[in-house]
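Fair warning: this is a prediction, and the values are worked out from it, not measured in the lab.
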Amino acid sequence: AIDINPNDAEAYNSRGVARSAVGDKEGEIADYNQAIDINPNYANAYYGRGNARAALGYTKDAIADFEKAAELLKKDGNEYWYQNALKRIKELRGE
């Protein structure tokens, strides 16, 4: 899909999810970065990148990603994932 349309944010996000499944955190982050570059309002990419960064110990960056995801999810009316993003922020802050 990326070869056919290199401007497909969803394709990069999906590949990021696939890379997560095989433990390729750096590749996962690179794909989420690309998805966000294409669509700066892509909440799922911020959420996924937050998870990858948290797994690598980049707590400050992970919190920033979850905060941005929460902002976008709330704006989109996605209460379930908005609450999940808030939960991840609290976990990372040790609350």
Nearest heavy-atom approach of L72 to A43 is CB-CB, 3.8 Å

Check whether any side-chain heavy atom of K90 sits under 4.5 Å from a side-chain heavy atom of K87, and report yes or no. no

Does Y47 reach the side chain of D65, with side-chain heavy atoms less than 4.5 Å apart? no

Assess whether atom NZ of K25 is packed by more than 12 heavy atoms of other residues, nucleotides or ligands within 6.0 Å. yes

For a side-chain hydrogen bond (donor to acceptor under 3.5 Å, both in side chains) with R49, tell me which candidate from N33, D61, N44 qualifies. N33

Check N13 against A45 and note the closest heavy-atom contact, atom names and distance. OD1-CA, 3.3 Å

I29 versus L56: any side-chain heavy-atom pair under 4.5 Å? yes

CD (E67) with more than 12 external heavy atoms under 6.0 Å: yes

Only counting residues at least two apart or in another chain, list the ones meeting salt bridge (Lys or Arg N to Asp or Glu O under 4.0 Å) with E91. R88

Would you check if N84 and F66 make a side-chain contact, meaning some heavy-atom pair closer than 4.5 Å? no

Close side-chain approach of Y32 to V17, heavy-atom, < 4.5 Å: yes

Given 3.5 Å as the limit, does a donor-acceptor pair link the side chain of Y46 with the main chain of P40, or not? yes

Once you round to the nearest 0.5 Å, how far does CD of E10 lie from CG of N39? 10.5 Å

